[in-house]
Asks: 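Take a look at the following structure, please.
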Amino acid sequence: MPDLVLWGATGQAKVLFDLVHGSDRRLVGLVDNRDIASPIPGVPLFVGEAGLDRFLHGRSGSETLIGGVAVGGGRGADRLMLMDLFKARGIALPTFVHRTAFTAFNAVIGEGCQILAQAAVCANVTLGRGVIVNTAASIDHDGVVGDGVHLGPGARLAGEVTVEAFAFIGTGAVILPRVTIGAGAMVGAGAVVTKDVPAGVTVVGNPARVRMKEGATP
Ligand SMILES: CC(=O)SCCNC(=O)CCNC(=O)[C@H](O)C(C)(C)COP(=O)(O)OP(=O)(O)OC[C@H]1O[C@@H](n2cnc3c(N)ncnc32)[C@H](O)[C@@H]1OP(=O)(O)O
């Protein structure tokens, strides 16, 4: 039975703990940059990289150690950086797929992805590294989703949608067919995106429009 260590001790850690519950993976440690109480009874929390190294040195037994990064929101770049930090210590990064999720036989799923309860990753979809497909989110046929993207709960991508690296699609957003969401863009919860979204901007509403910061000139 592999032992699992998670970086991140917030809601996403609770979700991944539930995902592995009853499986052959056993959560044995949490790491977080903050010195907080462990949110999971009986699972110790270690603080920062130094804490991770203390945890590793204190381990006994021969169980394989695997890692997961429980960092959600729009923090895809942090997620990939923390994955690399685990890899540098020889900790493998499996993909987590909830038992109720659907993944097509020909979907290509990158290292360290998290596909949560009732999510759907459909035919010919490609996911990069460290992608979160949150609860009941779906990516229809031929979707291409870049590294570190997060699709929030219930987000719906129609066919042939592209989401570039580190974009964050909010809860319940809908992306129409063949649209491209640019790198690092943020799609607000509930938005309906009908046209391509440039890199780095935030869009909200139906139809989705770029949200201007106060004082910004259009
Ligand atoms: C399991 C999980 O929970 S995973 C996490 C999932 N998280 C999400 O889905 C969150 C997605 N985030 C959002 O939708 C955010 O509201 C954002 C990114 C669009 C905007 O966030 P902020 O920049 O902090 O905006 P802020 O809350 O200050 O609101 C600014 C204005 O935009 C409006 N607004 C904010 N979000 C939205 C939205 N999704 N749709 C329409 N309008 C919105 C606000 O009402 C406010 O309007 P006002 O100025 O007229 O009062």
Side-chain angles (χ1 to χ4, degrees), residues 6-21 27 30 32-34 36 39-40 68-80 82-83 95-102 112-121 127-139 143 145-158 161 163-176 179-218:
L6 292 178
W7 191 300
T10 54
Q12 195 68 7
K14 296 176 190 173
V15 168
L16 292 178
F17 176 55
D18 171 71
L19 189 150
V20 299
H21 184 76
L27 182 61
L30 294 168
D32 200 282
N33 281 327
R34 298 157 308 153
I36 54 174
I40 299 174
V69 179
V71 170
R75 297 179 56 203
D78 289 345
R79 203 158 51 249
L80 260 66
L82 291 165
M83 284 169 59
T95 277
F96 296 90
V97 181
H98 194 273
R99 64 187 178 283
T100 64
F102 168 73
C113 288
Q114 300 169 21
I115 301 170
L116 304 184
Q118 298 189 347
V121 177
L127 305 185
R129 298 178 70 218
V131 172
I132 298 177
V133 185
N134 219 311
T135 312
S138 63
I139 307 165
V145 177
D147 289 349
V149 166
H150 180 182
L151 307 183
R156 306 232 161 247
L157 275 50
V161 165
V163 184
E164 294 178 351
F166 308 127
F168 175 31
I169 313 295
T171 304
V174 173
I175 318 293
L176 297 195
V179 161
T180 293
I181 309 294
M186 170 94 76
V187 174
V192 177
V193 183
T194 57
K195 299 178 186 154
D196 291 356
V197 172
V201 306
T202 297
V203 297
V204 297
N206 177 7
R209 305 264 186 239
V210 175
R211 190 169 70 87
M212 289 295 164
K213 291 271 181 217
E214 215 172 301
T217 41

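For the single chain, residues carry numbers from 1 onward in sequence order. For ligands, and for the atoms within them, numbers begin at 1 and follow the listed sequence.
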Asks: Taking side chain as C-beta onward, heavy atoms only, is Ile115 less than 4.5 Å from Phe102?
Replies: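 Not touching, per the 4.5 Å side-chain cut-off.
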Asks: If we only count heavy atoms from C-beta on, is the Val15 to Gln114 side-chain gap below 4.5 Å?
Replies: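 The answer is no; the side chains never approach within 4.5 Å.
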Asks: Using distance alone, determine whether Val204 and ligand 1 share an N or O pair under 3.5 Å.
Replies: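 No; the residue has no nitrogen or oxygen that sits under 3.5 Å from a nitrogen or oxygen of the ligand.
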Asks: Would you mind telling me if ligand 1 is within reach of the side chain of Gln12, the backbone, both or neither, using heavy atoms under 4.0 Å?
Replies: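 None of Gln12 does.
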Asks: Can you tell me how far apart CG (Leu116) and CG (Asp18) are? Round to the nearest 0.5 Å.
Replies: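 Answer for the CG-CG pair, Leu116 versus Asp18, is 9.5 Å.
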Asks: At less than 4.0 angstrom from any non-hydrogen atom of Phe168, what atoms of ligand 1 do you find?
Replies: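 Those atoms are 6 (C), 7 (N), 8 (C).
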Asks: Is there a nitrogen or oxygen of Arg211 sitting under 3.5 Å from a nitrogen or oxygen of ligand 1?
Replies: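 Yes, since at least one N or O of Arg211 sits under 3.5 Å from an N or O of ligand 1.
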Asks: Is the shortest distance from a heavy atom of Pro153 to ligand 1 less than 4.0 Å?
Replies: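 So Pro153 counts as touching ligand 1.
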Asks: Under 4.0 Å from any heavy atom of Met186, which atoms of ligand 1 are there?
Replies: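 It comes down to these atoms of ligand 1: 18 (C).
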Asks: What pairs with Asp32 under salt bridge (charged side-chain N to carboxylate O under 4.0 Å, His left out), at least two apart in sequence or on another chain?
Replies: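 Partners of Asp32 under the salt bridge (charged side-chain N to carboxylate O under 4.0 Å, His left out) test: Arg34.
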Asks: For atom 9 (O) of ligand 1, tell me which residue out of Thr171, Val187, Asn206, Thr202 has the closest non-hydrogen atom.
Replies: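 Result: the heavy atom closest to atom 9 (O) of ligand 1 is in Thr171.
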Asks: Walk me through whether Leu127 and Ile139 qualify under side chain to side chain contact (heavy atoms under 4.5 Å, CB included).
Replies: CA-CA 10 Å; Leu127 305 185; Ile139 307 165; 3.6 Å; yes
Asks: Report the part of Asn134 in contact with ligand 1, treating N, CA, C, O as backbone and CB onward as side chain, heavy atoms under 4.0 Å; options are side chain, backbone, both, neither.
Replies: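 Side chain only; the backbone of Asn134 stays clear of ligand 1.
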Asks: When you measure from the heavy atoms of Gly188 to every atom of ligand 1, does any distance fall below 4.0 Å?
Replies: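 Gly188 counts as a contact of ligand 1 under the 4.0 Å cut-off.
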Asks: Quick check for you: to the nearest 0.5 Å, what is the distance between Ile132 atom CD1 and Leu16 atom CG?
Replies: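 Rounded to the nearest 0.5 Å, the CD1-CG separation comes out at 7.5 Å.
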Asks: Using a strict 4.0 Å cut-off to heavy atoms of Gly170, name the atoms of ligand 1 that fall inside it.
Replies: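 Taking each heavy atom of Gly170 in turn, ligand 1 has 9 (O) under 4.0 Å.
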Asks: Below a 4.0 angstrom heavy-atom separation, can you tell me which part of Ala191, side chain or backbone, both or neither, approaches ligand 1?
Replies: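 Contact part for Ala191 vs ligand 1: neither.
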Asks: Compare all side-chain heavy atoms of Val131 with those of Val163 and state whether any distance is below 4.5 angstrom.
Replies: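 Answer no - side chains too far apart.
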Asks: Can you check whether Leu151 reaches Asn134 side chain to side chain, under 4.5 Å on heavy atoms?
Replies: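 A side-chain contact is absent here, since even the closest heavy-atom pair is not under 4.5 Å.
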